[in-house]
There are 2 protein chains.
Amino acid sequence: MLNNGAVDRIFHALGDSNRRAIVERLSRGALSVSALAKPLDITLAAVVQHLQVLEESGLVRTEKLGRVRSCQLHPEGLRVAEDWLANRRGLWERRFDRLGELLDGPIPSRRKART
Amino acid sequence: MLNNGAVDRIFHALGDSNRRAIVERLSRGALSVSALAKPLDITLAAVVQHLQVLEESGLVRTEKLGRVRSCQLHPEGLRVAEDWLANRRGLWERRFDRLGELLDGPIPSRRKART
DNA sequence: CCGATACTCAAGTCCATGCTTAACAATGGT
DNA sequence: ACCATTGTTAAGCATGGACTTGAGTATCGG
């Protein structure tokens with residue numbers, strides 16, 4: 001819960017399908033709040049709340065011009081998630097360097113005094 | 001909620017920090033359920049529940065040998081998430097092909113009779 | 001100035017879900 | 001045979017979070 005913070009917020013944000021739908025639309029280009037709301041069969045207010053989450057996570061940037069709030073994807077946010085995933089997969093591919101840890105306990109051929 | 005299904009389950013699974021912690025540990029190599037539980041300050045039962053979610057999402061594969069269940073990362077699951085993110089970013093980078101849609105409504109210089 | 005548009009904010013509802021406890025099953029070691 | 005280890009399952013709780021309603025603010029067009 002009180003994790004890395006950035007990664008936490010981003011994956012939490014992406015964990016909701018409506019928020020992912022918003023990200024999908026925004027990857028096509030900037031949109032206003034009400035434009036985002038139209039295809040979503042939830043209230044404008046709900047969309048605003050999702051946008052708050054997305055903005056706090058760094059996935060989306062918004063700017064208000066007059067009475068319309070323009071929402072843009074902020075791709076560096078996506079980058080954080082991509083990097084996390086790539087790191088996991090990278091470690092997994094190099095996992096043979098660390099063989100012999102099926103259990104986390106001591107391995108018969110190695111003495112390890114710990115606590 | 002009843003979305004693409006695969007993508008939905010995967011991002012939902014990754015939305016929880018304990019589950020991400022499990023994925024992180026598993027990227028280092030296979031582990032048993034109780035080995036996974038140890039550093040997590042939640043109950044074994046809770047870990048089992050997380051593993052169910054992870055397995056149903058396709059991120060993790062498990063196999064039971066004797067009384068120990070060995071859990072492995074299933075990297076194709078990660079791939080689905082990576083692909084989704086890469087697609088969003090790809091579209092974003094090519095977004096200038098579709099300029100002129102700040103609002104989804106008509107743009108002053110264009111007549112568009114709609115409903 | 002008036003009405004319509006485009007949000008904003010605060011409360012409150014309600015369901016999903018993360019977690020615990022507890023009882024149980026199966027396997028392994030001695 | 002006995003007990004410890006490892007996991008499974010069900011039940012219930014409790015918090016979070018997605019969503020709505022409703023009332024309010026600010027901006028735009030005429």
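Throughout, a chain's letter reflects where its sequence line sits, starting with A, and its residues are numbered from 1. Every value quoted in this text rests on a predicted model; they were computed, and no experiment measured them. Excluded from the calculations below are hydrogen atoms, water molecules and symmetry mates; all remaining heavy atoms, backbone and side chain alike, are included.
Phosphate proximity of dC19(C) to His50(B): present, with a side-chain N or O under 4.0 Å from OP1 or OP2. Ser32(A) has a side-chain polar atom (N or O) that falls below the 4.0 Å cut-off from OP1 or OP2 of dC7(C). Taking side-chain N and O atoms only, His12(B) has no distance below 4.0 Å to OP1 or OP2 of dA16(C).
Set against dG7(D), dC7(C), dG18(C), the side chain of Val33(A) has dC7(C) as its closest nucleotide. Candidate nucleotides dG7(D), dC19(D), dG18(C) were compared by shortest atom distance to the side chain of Asp16(B), and dG18(C) ranks first.
Not a single donor-acceptor pair under 3.5 Å links the side chain of Arg79(A) to the backbone N or O of Glu76(A).
Nucleotide dT17(C) holds its P atom 13 Å from the CD atom of Gln52(B), rounded to whole Å. Arg19(B) places its CZ atom 12 Å from the C1' atom of dA16(C), with the value rounded to the nearest Å. One atom, NZ of Lys64(B), and another, C1' of dT9(D), lie 12 Å apart when rounded to the nearest Å. One atom, CG of Leu51(A), and another, C1' of dT8(C), lie 12 Å apart when rounded to the nearest Å. Atom pair Leu36(A):CG and dT8(C):P shows a separation of 12 Å (rounding to whole Å applied).
Remark: Arg69(A) CZ is packed, more than 12 non-hydrogen atoms of other residues, nucleotides or ligands lying under 6.0 Å away.
In this structure, the side chains of Asp16(A) and Val53(A) stay at 4.5 Å or more apart for every pair of heavy atoms. In this structure the side chain of Arg20(A) reaches within 4.5 angstrom of the side chain of Val7(B), judged on heavy atoms.
Rounded to 10°, the angle separating the first-five-pair axis and the last-five-pair axis of the helix from dC1(C)-dG30(D) to dT30(C)-dA1(D) equals 30°.
Between the side chains of Glu63(B) and Ser70(B), not a single donor N or O lies within less than 3.5 Å of an accepting N or O.
Looking at residues two or more places apart in sequence or on another chain, you find no side-chain hydrogen bond (donor to acceptor under 3.5 Å, both in side chains) involving Thr43(B). Leu44(A) meets the side chain to side chain contact (heavy atoms under 4.5 Å, CB included) test with Val33(A), Ala37(A), Val48(A); sequence neighbours excluded. Residues meeting the salt bridge (Lys or Arg N to Asp or Glu O under 4.0 Å) test with Glu93(B), sequence neighbours left out: Arg89(B).
Screening residues 29-75 of chain A for ring-ring contact (aromatic ring centres under 6.0 Å, His included), with sequence neighbours left out, gives no hits.
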Under 4.0 Å protein heavy-atom contact, by nucleotide of nucleotides 20-30 of chain C - B base, S sugar-phosphate only: BB-----BS--
